[in-house]
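In what follows, chains are A, B, ... by sequence order, proteins preceding strands, each numbered from 1.
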2 protein chains.
Amino acid sequence: MAKNKKVTSYDVAREAGVSQSAVSRVFRPGLSVSQKTRDKVMTAANRMGYRPNAIARMLITKQSGMVAVIVSSRANVNYPEVLSQVSKQLAAQNKRVLLFTLDDPDGVDELFEQIWTFQVDGVIALAAHFESHRLAQFEEHDIPVVLYNRNVPDSMANTVCCNHELGIKQLITELEKNNPKKYLVLSGPKDSDVANERREIAISLLKQFDVEDVSILYGDYSYQSGRDCLAKWLQKNPAPDAIICSNDTMAIGVIDEARENHNIHIPNDISVVGFDGITSSAWLSYQITTIKQPVEQLVKAAVAMLLERIETPDLPPEARVLTGVLIKGNSVKRP
Amino acid sequence: MAKNKKVTSYDVAREAGVSQSAVSRVFRPGLSVSQKTRDKVMTAANRMGYRPNAIARMLITKQSGMVAVIVSSRANVNYPEVLSQVSKQLAAQNKRVLLFTLDDPDGVDELFEQIWTFQVDGVIALAAHFESHRLAQFEEHDIPVVLYNRNVPDSMANTVCCNHELGIKQLITELEKNNPKKYLVLSGPKDSDVANERREIAISLLKQFDVEDVSILYGDYSYQSGRDCLAKWLQKNPAPDAIICSNDTMAIGVIDEARENHNIHIPNDISVVGFDGITSSAWLSYQITTIKQPVEQLVKAAVAMLLERIETPDLPPEARVLTGVLIKGNSVKRP
DNA sequence: TTAATATTTGCATTCGAAGTCATTATTACG
DNA sequence: CGTAATAATGACTTCGAATGCAAATATTAA
């Protein structure tokens, strides 16, 4: 029926013998239209294949119905799951995801330009680091922002985050059952907020547990860096008793390297823990003891928080911290 | 500077002492504006923090600058990489990604409604199955579509796909070096086009290789289904000599199950091959022989094809088939 | 210097739906 | 049955940038 020609509300109005306003009202929920008019309009609209033009609606209502989701390549952790959850949750609230990937720090300016011009209703940032002046820019433009999996102390930001402190404490408690002497902490990259936080928490908790001998290594969250860090360490040092990895992927690298190239048995020779609870952490070859992030709840919280700020822009900043789940795998020695 | 108040082209025009048209022309590339006017406008614009409103521009130009990317949950394979590539490639062409997730087949109607109302410039579908009347709908609405990783025979669709036939032939050639007697083909789900294609190609190629003894199992592409299928098979049958898995994830499940629960050694007892070349297929514990999909090139091709259709809507349908790379891992016995 | 041409510029209109406001139809009730 | 109150309707304006067109200005040629 509608071939090549876009049908507008005027076309439908003419066809239905009513005014354009009437058509508009029929397609806006909760407006008073008589049943008779509604029927006339709906039949005409269906016959002609009319769909309201979202762009025109955005312009007049100043609500794009879109949420910018910013993903940095470092977000790989639970990326597919998080992103698809975000998309679903937002769809349920009648919002769409406008996706931006941010790899290059130089791209931030360009990214922000895009966000302003697209007049998004809000922003969810996954694992992207923004300096505080960047956050201030959002404020200036009256665009609510929620930082996912981020814990920015002293900040004005809305954040949703898994409880790192509690999680890492549970992991260390597991490890301490064997009274390990020598600890290795395999941190993520120094320029990652999450990595720094996890590392510092681990260090300070180990102090609380009266652990003396702790060394810090720096990887980049990747499998290969897990392998490389362990290999390098073993070149000059004896094997540690326990390794705390800042994420599961590096833990998997550590385990593979230990097994294949150094004939070290996990967990008997070294206990390893990870963080995140990614799918492959549960695979039989690894079975990592780790903290599983409650992705669905985290996303729900983030979306709910964002929608609240869109509704009521002047709510004070808030940080929601959810508890992860300890997965007792097979990578920590049984005492 | 610009606090709370949106700056429009009229504001800038007044400030710069020119007309609104002039402002518009300055921000549209390739239009003739004198250097003097351009400077006046740019200073005013910068001072006031003006950014053109993309929504208004969309309305008048009838180009949203957005491409709908439809992802089904089954697309998990290389999801993060593909999606981030798509986003990057499109960004380079000044287009944004409007993300839609499609899990529930009942959601298709709703999804299509959304796509029409948002007036996207084009659509890229990742691993989502559409019946041909759906594709026809896109045609009616003049929205170009490219199907990623899909091979629809006899269809009017634009597709980009990795050469399954060639890839699987290479894999079988590897396996045949050991003259295996008994083959297992572990297929993906029956309602997945890609799974069906890979399975049928494997079966027909095995015939060409004069292989007699082939059994087909059906998984759902997941790790767990790889494990379950093998376990179930071994309950009633002896171990096969070779297993062709329709993707790497199931191959990993097969390997884990064989090793851990049946004391079967890979590759000495059973040779296993996968498909896709996902990151974890290269992990030391698995080292799967597989075909690595040329993701970057596939995405490049898909984006290029889509842009061509947007530019020139009447181009005939096209299928681009790229060749994957054989990764010789350690999951096939050395003869 | 003037005519002829090319380049800039601004006015007015457009895109398509939504909302304002005044007007008309409908209902309720004394 | 008349009047007040309420519901439904349409004419008109708005959102913000882009563009066809004609007028104004600048540039070049003669």
List in chain and number order the residues that pass side-chain contact (heavy atoms from CB on, under 4.5 Å) with [X], two or more places apart in sequence or in another chain; answer none if no residue qualifies.
| X | value |
| --- | --- |
| A:Pro294 | A:Cys162, A:Gln297, A:Leu298, A:Leu322 |
| A:Ala157 | A:Leu135, A:Leu147, A:Ser155, A:Thr159 |
| B:Ala91 | B:Arg96 |
| B:Thr117 | A:Arg51, A:Ala54, B:Gln114 |

Return no unless some side-chain N or O of [X] is found under 4.0 Å from OP1 or OP2 of [N].
| X | N | answer |
| --- | --- | --- |
| A:Ser9 | C:dG16 | no |
| A:Thr37 | D:dA8 | no |
| A:Thr8 | C:dG16 | no |
| B:Lys6 | D:dC15 | no |

### Task
Report the residue (A:Ala54 or B:Gln35) whose heavy-atom-nearest nucleotide on DNA chain C is the more 5′ of the two.
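The residue whose closest nucleotide sits nearer the 5' end is B:Gln35.
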### Message
For residues 38-59 of chain A, which residue pairs pass the ring-ring contact (aromatic ring centres under 6.0 Å, His included) check, not counting sequence neighbours?
### Response
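Residue pairs passing ring-ring contact (aromatic ring centres under 6.0 Å, His included), neighbours aside: A:Phe27-A:Tyr50.
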### Task
Answer yes or no: is there an ion pair linking A:Lys6 with A:Asp11, defined by an N-O contact shorter than 4.0 Å?
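Not counted as a salt bridge, because no side-chain N and carboxylate O are separated by less than 4.0 Å.
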#### Entry: B:Glu197 and B:Arg150 ion-paired at < 4.0 Å
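Salt bridge: no.
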Applying salt bridge (Lys or Arg N to Asp or Glu O under 4.0 Å) as the test, list every pair that has at least one member in [range]; sequence neighbours left out.
| range | answer |
| --- | --- |
| residues 115-126 of chain A | A:Lys95-A:Asp121 |
| residues 20-44 of chain A | none |
| residues 301-319 of chain B | B:Glu308-B:Arg320, B:Arg309-B:Glu318, B:Glu318-B:Arg320 |

Please write out each protein N/O paired with an N/O of nucleotides 22-26 of chain D under 3.5 Å, distance rounded to 0.1 Å.
none

Protein-nucleotide distance ([X], atom [atom1]; [N], atom [atom2]), rounded to Å:
| X | N | atom1 | atom2 | result |
| --- | --- | --- | --- | --- |
| A:Asn53 | C:dC15 | CG | P | 12 Å |
| A:Asp39 | D:dT9 | CG | P | 11 Å |
| B:Arg38 | C:dT7 | CZ | P | 15 Å |
| B:Gln119 | C:dG16 | CD | C1' | 9 Å |
| B:Lys62 | C:dA17 | NZ | C1' | 13 Å |
| B:Leu59 | D:dT14 | CG | P | 17 Å |
| B:Ile55 | D:dT14 | CD1 | C1' | 16 Å |

### Residue B:Val18, side-chain heavy atoms: nucleotide from C:dA17, C:dG10, D:dC15 that is nearest
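Within the option list, the nearest is C:dG10.
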Short heteroatom pairs, N/O only, protein and nucleotides 18-21 of chain C, under 3.5 Å:
{"residue": "C:dA18", "atom": "OP1", "partner": "A:Arg28", "partner atom": "NE", "Å": "3.1"}
{"residue": "C:dA18", "atom": "OP1", "partner": "A:Arg57", "partner atom": "NE", "Å": "2.4"}
{"residue": "C:dA18", "atom": "OP1", "partner": "A:Arg57", "partner atom": "NH2", "Å": "3.1"}
{"residue": "C:dA18", "atom": "OP2", "partner": "A:Ser24", "partner atom": "OG", "Å": "2.9"}
{"residue": "C:dA18", "atom": "N7", "partner": "A:Gln20", "partner atom": "NE2", "Å": "3.1"}
{"residue": "C:dA18", "atom": "N6", "partner": "A:Gln20", "partner atom": "OE1", "Å": "3.0"}
{"residue": "C:dG19", "atom": "O6", "partner": "A:Ser21", "partner atom": "OG", "Å": "3.2"}

### Task
Only counting residues at least two apart or in another chain, list the ones meeting ring-ring contact (aromatic ring centres under 6.0 Å, His included) with B:Phe138.
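In terms of ring-ring contact (aromatic ring centres under 6.0 Å, His included), with neighbours along the sequence ignored, B:Phe138 is linked to B:Phe112, B:Trp116.
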#### Entry: side chain to side chain donor-acceptor pair (under 3.5 Å) between B:Glu81 and B:Gln85, worked out
CA-CA 6 Å; B:Glu81 196 185 348; B:Gln85 281 290 339; 5.2 Å; no
### Query
Angle, rounded to 10°, between the helical axes spanning five pairs at each terminus of the helix from C:dT1-D:dA30 to C:dG30-D:dC1?
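Inter-axis angle at the ends, rounded: 30°.
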